[in-house]
Visitor: 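Quick one: the structure is below, and I'll ask about it shortly.
Below, all heavy atoms of this structure are taken into account, side chains as well, without hydrogens, waters or symmetry copies.
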Amino acid sequence: MLHASGTPNPTIATNGQTRCLSIAEAETRGLDIAELREEYTVAVEAFPDEKQALAEAWTELQYTLRDLLQEHGAKDFGGRSMFSIVLFEPDGRIAWVFYRGLEPDEEMVFCEVVQRISEDYRFPLHSDAPFSQCGTTHFKQNEE
């Protein structure tokens, strides 16, 4: 397993095996996300007969993240999008989250939310090997 190295940075949060890091920070630290992802089977290949369940589980995770972000004061995300790559352990635990599309002051809030959800969250599909999923989360326009 690759690990981020260098001095601590507020854009990375760790909790046991969970790591949250912006894609830009990962590149700065010399972490090769493409190489790391090779260790994690793409979810559609890990679950070829469960595409509908996979889509529903991924969508539910995105809604949960979005809702928790909004609960934790991330009100300025409205109308924007964020891309994320989530690497999962075979039992569905979140191992890594890489992201882009956030402002520097939003990154810590996002990583705190990832930390919080990672404590108990398990992706509902399990595999014999680590797997990954990526996608874009769209935040609803604020209604004020």
Side-chain angles (χ1 to χ4, degrees), residues 1-47 50-127 130-144:
M1 173 71 72
L2 298 175
H3 296 281
S5 61
T7 58
N9 183 303
T11 61
I12 185 170
T14 61
N15 177 19
Q17 293 294 318
T18 303
R19 292 166 185 84
C20 179
L21 194 61
S22 72
I23 291 172
E25 181 65 20
E27 291 171 353
T28 298
R29 291 171 180 248
L31 220 123
D32 187 336
I33 295 172
E35 184 177 302
L36 182 59
R37 283 190 76 189
E38 288 178 15
E39 298 176 28
Y40 293 78
T41 303
V42 176
V44 293
E45 294 174 8
F47 310 107
E50 300 178 78
K51 289 181 180 163
Q52 183 64 34
L54 173 62
E56 289 172 5
W58 176 250
T59 299
E60 184 62 33
L61 175 58
Q62 297 307 299
Y63 285 148
T64 300
L65 284 171
R66 185 191 68 200
D67 292 347
L68 282 171
L69 283 168
Q70 291 172 339
E71 284 176 24
H72 284 85
K75 305 288 185 205
D76 297 333
F77 286 32
R80 297 188 10 227
S81 299
M82 176 196 70
F83 175 75
S84 62
I85 302 167
V86 181
L87 306 181
F88 296 94
E89 297 299 338
D91 67 356
R93 284 179 295 123
I94 298 172
W96 289 89
V97 176
F98 298 103
Y99 59 88
R100 72 170 170 242
L102 299 178
E103 298 297 324
D105 59 327
E106 298 166 337
E107 292 180 348
M108 186 56 102
V109 173
F110 177 73
C111 286
E112 287 172 5
V113 166
V114 167
Q115 286 285 86
R116 184 171 173 207
I117 196 173
S118 295
E119 292 172 10
D120 298 317
Y121 178 81
R122 298 293 181 270
F123 197 77
L125 301 176
H126 299 166
S127 176
F131 58 96
S132 68
Q133 178 67 32
C134 65
T136 302
T137 302
H138 302 285
F139 296 96
K140 292 186 276 187
Q141 190 65 41
N142 293 336
E143 297 174 16
E144 298 192 30

Visitor: Give me the ring orientation class for Tyr121 and Phe88: parallel if the planes are under 30° apart, tilted from 30 to 60°, perpendicular past 60°.
Guide: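 If you compare the ring of Tyr121 with that of Phe88, the planes turn out tilted.
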
Visitor: Between atom CD of Glu107 and atom CZ of Arg100, what is the distance when rounded to the nearest 0.5 Å?
Guide: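 If we round to the nearest 0.5 Å, Glu107:CD and Arg100:CZ are 13.0 Å apart.
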
Visitor: Just how far is it from atom CG of Leu125 to atom CD of Gln133, taken to the nearest 0.5 Å?
Guide: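 It is 10.0 Å, given to the nearest 0.5 Å.
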
Visitor: Determine the minimum heavy-atom distance between Pro130 and Tyr40, stating which atoms define it.
Guide: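 Taking every non-hydrogen atom into account, CB-CD2, 3.2 Å.
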
Visitor: I would like to know whether Ile117 and Leu68 meet side chain to side chain contact (heavy atoms under 4.5 Å, CB included); could you show each step before the answer?
Guide: CA-CA 9 Å; Ile117 196 173; Leu68 282 171; 4.3 Å; yes

Visitor: Which of parallel (below 30°), tilted (30 to 60°) and perpendicular (above 60°) describes Phe98 and Trp96?
Guide: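 Answer is parallel, since the angle falls under 30°.
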
Visitor: What are the two closest heavy atoms between Gly135 and Trp58, and how far apart are they?
Guide: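 Nearest pair, atom of Gly135 first, then Trp58: N-CZ2, 3.7 Å.
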
Visitor: So which heavy atom on Ala43 is nearest to which on Phe131, and how close?
Guide: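 Reported closest heavy-atom pair: CB-CD1, 4.3 Å.
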
Visitor: Between the side chains of Glu56 and Gln52, is a donor N or O closer than 3.5 angstrom to an acceptor N or O?
Guide: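 Per modelled atom types, Glu56 and Gln52 side chains form a pair under 3.5 Å.
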
Visitor: What's the shortest heavy-atom distance between Ser118 and Val114, and which atoms?
Guide: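 So the minimum-distance heavy-atom pair works out to OG-O, 2.7 Å.
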
Visitor: Which pair of non-hydrogen atoms, one from Leu87 and one from Ser132, has the smallest distance, and what is that distance?
Guide: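 Looking at all heavy atoms of both residues, the closest pair is CD2-CB, 3.3 Å.
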
Visitor: Can you see which heavy atom on Arg122 is nearest to which on Asp91, and at what distance?
Guide: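 Where Arg122 meets Asp91 most closely, the heavy atoms are CD-O, 3.7 Å.
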
Visitor: Show, in sequence, the C-alpha distance, side-chain angles and deciding distance for Glu25 and Arg29, and conclude whether the salt bridge (charged side-chain N to carboxylate O under 4.0 Å, His left out) test is met.
Guide: CA-CA 6 Å; Glu25 181 65 20; Arg29 291 171 180 248; 2.7 Å; yes

